[in-house]
Amino acid sequence: MNILKELKQAWKNAAGAKEEKPTDGSLDKLKEEIEGGAKSEAERPVLPESAKYEKAEYVPKTDEQLETAAKNTLAEYERAALAAIASQSEAEKEKLEKSRGKADADAERKLAEIENAYGEAKRNLDGDVLKRGLARSSIAVARSADLEQGKADTLLAAKNNYDALINEIADALLSLDGKKQTATDELMKELANKTAAKVEELRAKDEAAMLDTLKYNNSLEEKSAKEERDRLELEQRLYGEMLDNEKKRQELDGSKSSQESVYAGNYNKMDELLSKMNRSDAARLIKDDPFFRANLSEYLYYKLYTKYAG
């Protein structure tokens with residue numbers, strides 16, 4: 001077993017380790033007795049606390065917030081698309097109404113042309129039979145009847161053409177609302193698909209931002225923990241150096257034998273305390289609490305360490 005290595009590790013973890021203390025307060029009494037009587041000039045240094053870092057906060061968005069944001073990004077597209085549908089429907093309506101007006105005008109002109117044409121034909125017929133002295137003949141009557149029948153047929157054909165065109169225009173006007181609604185329904189389906197895709201895009205960005213925040217906060221925790229470990233290790237190292245210097249000073253002052261007597265007394269008191277504890281708790285305490293190392297000679301500390309933690 002490398003005792004020195006374990007001691008160094010114990011010293012490094014001393015500030016962060018949880019002490020296992022006897023519940024009756026006997027350890028605190030022993031510390032007060034020994035440390036109060038030692039009157040060592042070496043006091044444990046206390047370095048300034050490590051810097052405190054403020055963590056970033058990020059609240060992930062709810063599904064409702066993501067959907068609202070997605071719809072907001074498509075709001076202008078929706079407005080423009082609905083306006084285009086309405087504009088196209090209105091343009092078609094205006095075009096059909098113009099076609100209906102033109103059909104009315106064409107029908108009136110056609111009727112007038114038919115009337116004029118057959119009127120002229122009737123006048124020519126009357127003039128011809130009159131010249132030939134056939135005004136009251138069966139020939140004149142038959143030709144006049146044929147002329148009237150032709151006029152009637154022509155007028156009927158013109159009316160049928162007009163009616164067919166007007167009906168077609170009327171059907172087209174009636175279908176405009178349906179076409180507009182169909183176009184609107186298709187737009188709504190398209191918007192639903194675009195919104196769903198946008199929600200997933202925003203969700204991915206939201207999760208990425210949350211992950212970045214988590215990584216940032218974790219880096220702060222690691223940095224803070226390292227700085228705290230470094231601070232405690234430096235305190236411990238400085239304290240150890242001070243203790244060593246104090247021992248050397250005492251030895252130079254000729255007080256070595258007196259100090260060894262103090263260490264021996266400390267050893268007996270510590271041994272008595274540890275012997276009353278569970279062995280694993282005693283081992284953990286002597287490893288983690290620098291009190292034992294600070295108030296014993298190296299020999300007596302190793303002896304106590306070997307007895308309970310070796």
Kindly determine whether L300 and L304 satisfy side chain to side chain contact (heavy atoms under 4.5 Å, CB included), including the steps that lead there.
CA-CA 6 Å; L300 291 177; L304 190 67; over 6 Å; no
Reported CZ-to-OH distance for the pair R293 and Y305, which is rounded to 0.5 angstrom
13.0 Å
E113 atom CD: more than 12 heavy-atom contacts under 6.0 Å:
yes
With a 4.5 Å heavy-atom cut-off, do E78 and K71 have their side chains touching?
no
Taking all atoms of both residues into account, what is the closest heavy-atom pair of E227 and A51, and its distance?
OE1-N, 4.1 Å
E115 bridged to K151 by N-O distance under 4.0 Å:
yes
Side-chain heavy atoms under 4.5 angstrom apart, residues restricted to Ile, Leu, Val, Met, Phe, Trp, Tyr: same cluster for L82 and L191?
yes
Measuring from F292:CZ to L285:CG, what's the distance to the nearest 0.5 Å?
4.0 Å
Any Lys/Arg nitrogen of K205 or E201 sitting under 4.0 Å from an Asp/Glu carboxylate oxygen of the other?
yes
Using a strict 4.0 Å threshold on nitrogen-to-oxygen distance, state whether D230 and K226 make a salt bridge.
yes
First locate atom CG of D171, then atom CG of L176, and finally report the distance between them rounded to the nearest 0.5 Å.
11.0 Å
Between A282 and Y308, which heavy-atom pair has the shortest distance, and what is it?
CB-CD2, 4.1 Å
Could you check if a side-chain atom of L111 sits within less than 4.5 angstrom of a side-chain atom of E108, using non-hydrogen atoms only?
no
Common cluster, I85/M188, ILVMFWY with side-chain heavy-atom separation under 4.5 Å
yes
Less than 4.0 Å between a side-chain N and a carboxylate O, is that true for E67 and K198?
no
Are any of the side-chain nitrogens in R100 or D104 under 4.0 Å away from the carboxylate oxygens of its partner?
no
Quick one: CD1 on I34 to CG on N266, what's the gap to the nearest 0.5 Å?
4.0 Å
Taking the cut-offs as 6.0 angstrom to the six-membered ring centre and 45 degrees off its axis, would you call K110 and Y162 a cation-pi pair?
no
Just by modelled atom types, is the M277 backbone N or O under 3.5 Å from a matching donor or acceptor in the D281 side chain?
no
Honestly curious: do I286 and L30 fall in one hydrophobic cluster under the side-chain, below-4.5 Å linking rule?
yes
Taking the side chain as C-beta and beyond, is there a heavy-atom pair between L155 and Y118 under 4.5 Å?
no
Within the distance-only criterion (no hydrogens, no angle test), does the side chain of S87 pair as donor or acceptor with the backbone N or O of A83 below 3.5 angstrom?
no
Regarding D106 and K102, does a basic nitrogen lie under 4.0 Å from an acidic carboxylate oxygen?
yes
Where do A103 and L165 come nearest, in terms of heavy atoms and distance?
CB-CD2, 3.5 Å
Quick check against the 3.5 Å criterion: does N295 have a side-chain atom that pairs as donor or acceptor with the backbone of Y263?
no
Side chains of D163 and K159: does their closest heavy-atom pair fall under 4.5 Å?
yes
For residues L202 and V199: do they belong to one hydrophobic cluster (side chain heavy atoms under 4.5 Å, members Ile, Leu, Val, Met, Phe, Trp, Tyr)?
yes
Spacing of S175 atom OG and K180 atom NZ [to the nearest 0.5 Å]
13.5 Å
Identify the heavy atoms of I114 and A158 that sit nearest to each other, and give their distance.
CD1-CB, 3.9 Å
Closest heavy-atom contact between E54 and L220?
O-CD1, 3.5 Å
Residues R231 and E49 bridged, charged N to O under 4.0 Å
no
Side chain N161, main chain A157, donor-acceptor under 3.5 Å
yes
Let me see the working for K29 and E33 under salt bridge (charged side-chain N to carboxylate O under 4.0 Å, His left out), right down to the final yes or no.
CA-CA 6 Å; K29 293 179 182 178; E33 178 181 352; over 6 Å; no
When you measure from the centre of the six-membered ring of Y77, is the NZ or CZ of K194 closer than 6.0 Å and no more than 45° off the axis?
yes
Counting only heavy atoms not in K269 (residues, nucleotides, ligands), do more than 12 fall under 6.0 Å from its NZ?
yes
Quick check on K93: does its NZ atom have over 12 non-hydrogen neighbours (other residues, nucleotides or ligands) under 6.0 Å away?
no
Between Q181 (side chain only) and G178 (backbone N and O only), is there a donor and an acceptor less than 3.5 Å apart?
no
OH/Y53: more than 12 non-hydrogen atoms of other groups inside 6.0 Å
yes
Could you pull out the closest heavy-atom pair between T213 and A56, with the gap in Å?
CG2-O, 3.7 Å
Quick one: do R203 and E200 make a salt bridge, cutoff under 4.0 Å?
yes
Can you measure from NZ (K55) to CD (E57) and round to the nearest 0.5 angstrom?
10.5 Å
Salt bridge check, E186 against K189: does any charged N sit closer than 4.0 Å to a carboxylate O?
no
Does some side-chain heavy atom of K179 sit less than 4.5 Å from a side-chain heavy atom of S89?
no
Backbone N/O of P60 and side chain of D206: donor-acceptor pair under 3.5 Å:
no
Would you confirm whether Y58, through its side chain, and D212, through its main-chain N or O, come within 3.5 Å as a donor-acceptor pair?
no
Polar side chain donor-acceptor pair, D153 to Q149, under 3.5 angstrom
yes
Is there a chain of hydrophobic side chains (I, L, V, M, F, W, Y, each step under 4.5 Å between heavy atoms) that links L66 to L74?
no
Taking it one step at a time, do D289 and K31 satisfy salt bridge (charged side-chain N to carboxylate O under 4.0 Å, His left out)?
CA-CA 11 Å; D289 195 330; K31 286 184 176 182; 2.7 Å; yes
